Amino acid sequence: MLEAADGSLLAEVAEGLGVGTASVAEYRGLLAGLEAAARLGLSRLEVRMDSQLAIAQLDGEREVKNPTIARLVERARELEGVVGPVRWRWVRREHNARANALVAQALGMSD
């Protein structure tokens, strides 16, 4: 989900990703958002995620050991270069309710 600084909705996606780990799902959602930002021509972003590990990896504070995640991080860095500066920010899960609702929708867990 992409929001403008004023809170208005710019883009939103909820789709199944197939079988994978929670970490892969976090990164696939991130990539979908970064790709949407690039399509919209956005030039700077604040990315808010409730995965402390992903934020630490994207900030360079934690090493990425898993080769699959490393490829996803590499793609995120490529997209970061397209959209301009990105601020990576961890938020508590309860402050990420809309994103979690999109996950529930993609999993068929919501009405």
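As the structure is a computational prediction, the values presented were derived from the model and not from experiment.
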Worksheet item: Does Ala5 have any side chain to side chain contact (heavy atoms under 4.5 Å, CB included) partners at least two apart in sequence or in another chain, and if so, which?
Response: none

Fill in: Heavy-atom closest pair, residues Val83 and Leu34
CG1-O, 4.0 Å

Worksheet item: Is the backbone of Glu61 close enough, under 3.5 Å, to the side chain of Asp59 for a donor and an acceptor to pair up by distance?
Response: no

Worksheet entry | Non-neighbouring partners of Arg44 that pass side-chain hydrogen bond (donor to acceptor under 3.5 Å, both in side chains), sequence neighbours left out | none

Item to complete: Just jot down the side chain to side chain contact (heavy atoms under 4.5 Å, CB included) partners of Ala54, sequence neighbours excluded, or say none.
Response: Tyr27, Met49, Ser51

Worksheet entry | Exercise: identify the closest heavy-atom pair between Ser43 and Pro85 | O-CD, 3.4 Å

Response to the item:
On a heavy-atom basis, the closest approach of Ala76 and Leu30 is CB-CD2, 4.0 Å

Fill in: Same apolar cluster (I L V M F W Y, side chains within < 4.5 Å links), Leu58/Leu53
no

Worksheet item: Can you name the closest pair of heavy atoms from Leu45 and Leu42 and give their distance?
Response: CD2-CD1, 3.8 Å

Worksheet entry | Check against side-chain contact (heavy atoms from CB on, under 4.5 Å), Arg89 and Ile55 | CA-CA 7 Å; Arg89 182 171 164 218; Ile55 292 298; 5.7 Å; no

Item to complete: Quick one: list whatever passes side chain to side chain contact (heavy atoms under 4.5 Å, CB included) with Ala70, sequence neighbours left out.
Response: Val64

Discussion item. For a salt bridge (Lys or Arg N to Asp or Glu O under 4.0 Å) check, start with the C-alpha distance between Glu26 and Arg28, then their side-chain angles and the critical distance, and finish with the verdict.
Written reply: CA-CA 6 Å; Glu26 289 277 359; Arg28 295 277 307 276; over 6 Å; no

Worksheet, complete the sentence: Quick note, salt bridge (Lys or Arg N to Asp or Glu O under 4.0 Å) partners involving residues 62-77, not counting sequence neighbours, are Glu35-Arg75, Arg75-Glu78, Arg77-Glu80

